[in-house]
Amino acid sequence: MKAKTLSSSLLLLLAALIWGSTFVAQSVGMEHIGPLTFVCVRSFIGSAALIPVLAVMQKTSIRQGNTEGILPRTKRERGRAILGGTVCGVFLMFGMVLQQYGMLHLNMTGGNVGKAGFITTMYILLVPIFGLFFRQKVSPKLWVSVGLAIIALYLLSVSEGFSIAVGDISLILCAFAFAAQILAADYFVKETSGVLLSCIQFLFCALVTLIPAIFMESPEVTSILGAWQSILYAGIMSSGVAFTLQIVAQKDLHPTLASLLMSCESVFAVLSGFLILGQAPTSRELIGSVIMFIAVILAQLPPLKKKK
């Protein structure tokens, strides 16, 4: 493995570690504030954290000879960036809110954050399936992955009485929302900077959840300050630092390798939950998590080339 590929792989693995450990921050934050308030404040911070990144990227681009930089200059370009950020923001907002409600239910029922991590990771399987609606080809092994994922979801979410908890349904739906957000971002990132797109979508999430958070949860400054560590970690580390690491690292990595490294987020969620919160998965959850991880890995492996 080349030195550059190795360093990029380590950076992306660090990003996955941050994303996985963010599940702990989300769980702890629910002890002080409601889901909507957490998403709102986290998104404001996440959007603000990306502004310095945009400034550095703009200066770097100009220094490298691109006089226009990475920021949109024309009215049409600005309009497309705002439209893209808004569309991506809609799906991101639903995904984040549903995930927070799922985390809240797990807290109430004594669930663990690792389970939430593996259910959420299902979005990696859903992205190529959604691609069918855009006439994208799907390999046969993906359907094997889907079958494994269904078995994993059964072990993770369906109880012995054949019922699914509300929190698990919320987490499954959040995976669908995140998959839609990835497809939307993949479409609009061709026309504008990925960092700018992310900055706008986080700002959209913050603005849209602000009013519902005020009227439905009546957050107080003291309660928000009580969760400041969790909010800052989720806002700065997960949205700002990890996203920047992803942008930098993916330039020198094959998409398959990048996807495999990012899927480690679920593993880091389990490890973080165990090491920080002392949450140990049950044997049923452990088997389901392993099967889900195998399904995700299988879906990302490149197809075998036929011999001539």
Completion exercise
In terms of heavy-atom contacts, L196 and P72 come closest through CD2-CD, 3.3 Å

Exercise for the section: For residues L14 and L10, determine if any side-chain heavy atom of one lies less than 4.5 Å from a side-chain heavy atom of the other. Expected result: no

Practice task
Kindly give the heavy-atom pair with the smallest separation between S239 and L50, and that separation in Å.
Solution key: O-CD2, 3.7 Å

Completion exercise
Members sharing L275's hydrophobic cluster, built from side-chain contacts under 4.5 Å between Ile, Leu, Val, Met, Phe, Trp and Tyr, are F274

Exercise for the section: With the side chain counted from C-beta on, respond yes when F202 and L92 share a heavy-atom pair under 4.5 Å apart, and no when they do not. Expected result: yes

Practice task
Find the distance between OG (S27) and CG (L277) and round it off to the nearest 0.5 Å.
Solution key: 5.5 Å

Practice task
Report yes or no: does S43 contribute a side-chain atom to a donor-acceptor pair with the main-chain N or O of V39 at less than 3.5 Å?
Solution key: yes

Practice task
Enter the distance from Q26:CD to N107:CG here, rounded to the nearest 0.5 Å.
Solution key: 10.5 Å

Handout entry: Co-members of the apolar cluster containing L225 [side chain, <4.5 Å]
Key = V221

Handout entry: 4.5 Å side-chain heavy-atom contact, F94 and L173
Key = no

Practice task
Identify the two heavy atoms, one from C205 and one from G89, that lie closest to each other, and give their separation to 0.1 Å.
Solution key: SG-O, 3.6 Å

Exercise for the section: Sorted by first residue and then second, give each salt bridge (Lys or Arg N to Asp or Glu O under 4.0 Å) pair with at least one member in residues 262-271; sequence neighbours left out. Expected result: none

Please output the side-chain donor-acceptor pairs of residues 144-152 that fall under 3.5 Å, not counting sequence neighbours, one pair per line with the distance.
residue	atom	partner	partner atom	Å
S145	OG	K141	O	3.2
S145	OG	A295	O	3.1
S145	OG	A299	N	3.3

Would you be so kind as to tabulate the donor-acceptor pairs closer than 3.5 Å made by side chains of residues 111-124, with sequence neighbours excluded?
residue	atom	partner	partner atom	Å
N112	OD1	G114	N	3.2
N112	OD1	K115	N	2.9
N112	ND2	E285	OE1	2.7
K115	NZ	L156	O	3.0
K115	NZ	D168	OD1	3.3
K115	NZ	D168	OD2	2.9
T120	OG1	Q99	NE2	3.4
T120	OG1	A116	O	2.8
T121	OG1	G117	O	2.6

Completion exercise
Residues at least two apart in sequence or cross-chain that pass side chain to side chain contact (heavy atoms under 4.5 Å, CB included) with H105, listed by chain then number, are T109, A165, V166

Handout entry: Side-chain donor/acceptor of E77 to backbone N/O of T74, under 3.5 Å
Key = yes

Practice task
Apply side chain to side chain contact (heavy atoms under 4.5 Å, CB included) to L203 and list each qualifying residue two or more places apart in sequence or on a separate chain.
Solution key: F44, S47, L207

Handout entry: Approximate separation, where rounding is to 0.5 Å, of M103 CE and F38 CZ
Key = 8.5 Å

Handout entry: Inter-residue atom distance S170.OG - I164.CD1, 0.5 Å rounding
Key = 12.5 Å

Handout entry: Set of ring pair (Phe, Tyr, Trp, His ring centres under 6.0 Å) partners for F130, sequence neighbours left out
Key = F176

Practice task
For T37 and I33, indicate whether the former's side chain and the latter's backbone hold a donor-acceptor pair under 3.5 Å.
Solution key: no

Problem - Cluster check M292, M262: I/L/V/M/F/W/Y, side chain < 4.5 angstrom - result: yes

Problem - Heavy-atom side-chain contact between C199 and I51 under 4.5 Å - result: yes

Exercise for the section: Answer yes or no: is there a side-chain heavy-atom contact under 4.5 Å between I297 and S263? Expected result: yes

Fill in the blank from the handout: Here the gap from L36 atom CG to I214 atom CD1, rounded to the nearest 0.5 Å, amounts to 11.0 Å

Exercise for the section: Answer yes if F178 and I200 sit in the same cluster of Ile, Leu, Val, Met, Phe, Trp and Tyr residues linked by side chain heavy atoms under 4.5 Å apart, and no otherwise. Expected result: yes

Exercise for the section: Identify whether M96 and F91 are in the same connected component of the hydrophobic contact network (ILVMFWY, side-chain heavy atoms under 4.5 Å). Expected result: no

Handout entry: Listed partners of Q246 passing side-chain hydrogen bond (donor to acceptor under 3.5 Å, both in side chains), at least two apart
Key = Q250

Completion exercise
residues 188-197 vs salt bridge (Lys or Arg N to Asp or Glu O under 4.0 Å), sequence neighbours excluded, gives R80-E191

Completion exercise
Taken in chain and number order and not counting sequence neighbours, the residues that satisfy side chain to side chain contact (heavy atoms under 4.5 Å, CB included) with Y233 are I18, S21, T22, A25, M237

Practice task
Assess the side chains of S238 and R42: does a donor N or O sit below 3.5 Å from an acceptor N or O?
Solution key: yes

Problem - By side chain to side chain contact (heavy atoms under 4.5 Å, CB included) - contacts of L286 (at least two apart) - result: P281

Exercise for the section: Evaluate side chain to side chain contact (heavy atoms under 4.5 Å, CB included) for L13 paired with C264, printing each intermediate quantity in order. Expected result: CA-CA 7 Å; L13 200 62; C264 292; 4.2 Å; yes

Problem - Hydrophobic cluster identity match, W228 and I231, side-chain contacts under 4.5 Å - result: yes

Handout entry: Side chain to side chain, L54 and S193, heavy atoms closer than 4.5 Å
Key = yes

Handout entry: Non-hydrogen atoms of G240 and A49 that approach each other most closely
Key = CA-CB, 4.2 Å

Exercise for the section: State whether the side chain of T60 and the backbone N or O of V56 hold a donor-acceptor pair below 3.5 Å, judged by distance alone. Expected result: yes

Handout entry: Atom pair NE2/CD of H32 and Q229 - distance to nearest 0.5 Å
Key = 8.5 Å

Problem - Test item: L197 and Q201 side chains (from C-beta on) under 4.5 Å apart, heavy atoms - result: no

Practice task
Among C40, P35, S223, find the residue that satisfies the side chain to side chain contact (heavy atoms under 4.5 Å, CB included) test when tested with E217.
Solution key: P35

Practice task
Look at the side-chain heavy atoms of Ile, Leu, Val, Met, Phe, Trp and Tyr, link any pair under 4.5 Å apart, and say whether L83 and M93 land in one connected group.
Solution key: no

Handout entry: Minimal non-hydrogen separation, A81 against T192, with atom names
Key = CB-OG1, 3.8 Å

